[in-house]
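Okay, structure first, notes after.
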Amino acid sequence: MSSILESQLEERLGAEVSQQRQAFLQAVQALDSELARQLTLLSPDEWADQGALYAWPQLQPYIKQLKKVDAALCQQQLGLYGLCSDCEVELSRELLFQDPCRQRCSLCHSKFLNSQPASWKL
């Protein structure tokens with residue numbers, strides 16, 4: 001990947017991280033302002049691990065997004081950003097620009113979705 005493309009993807013990932021974290025804090029603030037205040041005292045990568053958040057089912061989509069963001073940032077720190085977390089093939093730049101937190105190539109993503117309990121629904 002060229003350095004220009006890498007910097008564009010880093011910028012895109014940074015924007016996604018900021019957007020997801022802001023949306024999460026606003027959702028928590030609407031439910032419990034004291035908990036939102038306490039979260040701001042923690043490192044953002046600790047937010048999804050706070051047990052008190054699981055009292056509100058409506059926060060689960062936000063927590064899922066926070067975990068995706070944290071995984072992408074971890075991959076970036078390890079020098080593995082842009083590689084499929086299952087088969088390690090390089091993800092296309094189109095996939096990464098669509099979803100900078102994407103973890104899997106299309107084939108592995110399909111396999112992952114089919115392995116989830118929701119796929120058992122009729």
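When a residue number appears, it is its place in the shown sequence, counting from 1. Heavy-atom basis, side chains included; hydrogens, waters and symmetry copies ignored.
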Step by step, would you call Gln50 with Gln38 a side chain to side chain donor-acceptor pair (under 3.5 Å)?
-> CA-CA 10 Å; Gln50 300 306 305; Gln38 290 174 4; over 6 Å; no

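- The hydrophobic cluster around Leu83 extends to Leu78, Leu80, counting ILVMFWY residues whose side-chain heavy atoms fall within less than 4.5 Å of a member.
- Within the structure, every pair that satisfies the salt bridge (charged side-chain N to carboxylate O under 4.0 Å, His left out) test and touches residues 35-47, not counting sequence neighbours, is listed here: Glu34-Arg37.
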Take Gln20 and Glu16 through the side chain to side chain donor-acceptor pair (under 3.5 Å) test and state the conclusion after the steps.
-> CA-CA 6 Å; Gln20 294 299 328; Glu16 182 72 14; 2.9 Å; yes

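- At a threshold of 4.5 Å between non-hydrogen side-chain atoms, the residues Ser106 and Leu95 count as touching.
- A continuous path of ILVMFWY side-chain contacts below 4.5 Å connects Phe97 to Leu91, so both sit in one hydrophobic cluster.
- One distance of note links CD of Gln103 with OH of Tyr81; it measures 9.0 Å at 0.5 Å rounding.
- When hydrophobic residues (I, L, V, M, F, W, Y) are linked wherever their side-chain heavy atoms come within less than 4.5 Å, Val89 remains an isolated member.
- In Gln60, the CD atom is crowded: over 12 heavy atoms of neighbouring residues, nucleotides or ligands sit closer than 6.0 Å.
- Between the side chain of Ser18 and the backbone N or O of Ala15, no donor-acceptor pair lies under 3.5 Å.
- Among all heavy-atom pairs drawn from Cys84 and Cys87, the shortest one is SG-N, 3.5 Å.
- Residue pairs that meet the salt bridge (charged side-chain N to carboxylate O under 4.0 Å, His left out) test with at least one member in residues 59-87, sequence neighbours left out, are Arg21-Asp70, Lys68-Asp99, Asp86-Arg104.
- Within the hydrophobic cluster formed by Ile, Leu, Val, Met, Phe, Trp and Tyr side chains joined at under 4.5 Å, directly or through other members, Leu42 is accompanied by Phe24, Leu25, Val28, Leu31, Leu35, Leu39, Trp47, Leu53, Tyr54, Trp56, Leu59, Tyr62, Ile63, Leu66.
- Residues Leu73 and Leu13 have side chains in contact (heavy-atom distance under 4.5 Å, counting atoms from C-beta outward).
- No donor-acceptor pair closer than 3.5 Å links the side chain of Ser33 to the backbone N or O of Gln29.
- By the salt bridge (charged side-chain N to carboxylate O under 4.0 Å, His left out) test, Arg102 is found to be paired with no residue, residues two or more places apart in sequence or in another chain being considered.
- Separating the CZ atom in Phe112 from the OG atom in Ser85 is a distance of 8.5 Å, to the nearest 0.5 Å.
- In this structure, Cys108 SG and Glu88 CD are separated by 10.0 Å, a value rounded to the nearest 0.5 Å.
- Contact between Cys101 and Ala72 at its shortest, heavy atoms only, is CA-CB, 3.9 Å.
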Apply side chain to side chain contact (heavy atoms under 4.5 Å, CB included) to the pair Arg93 and Gln8, showing each step before the final yes or no.
-> CA-CA 10 Å; Arg93 65 180 183 206; Gln8 289 173 336; over 6 Å; no

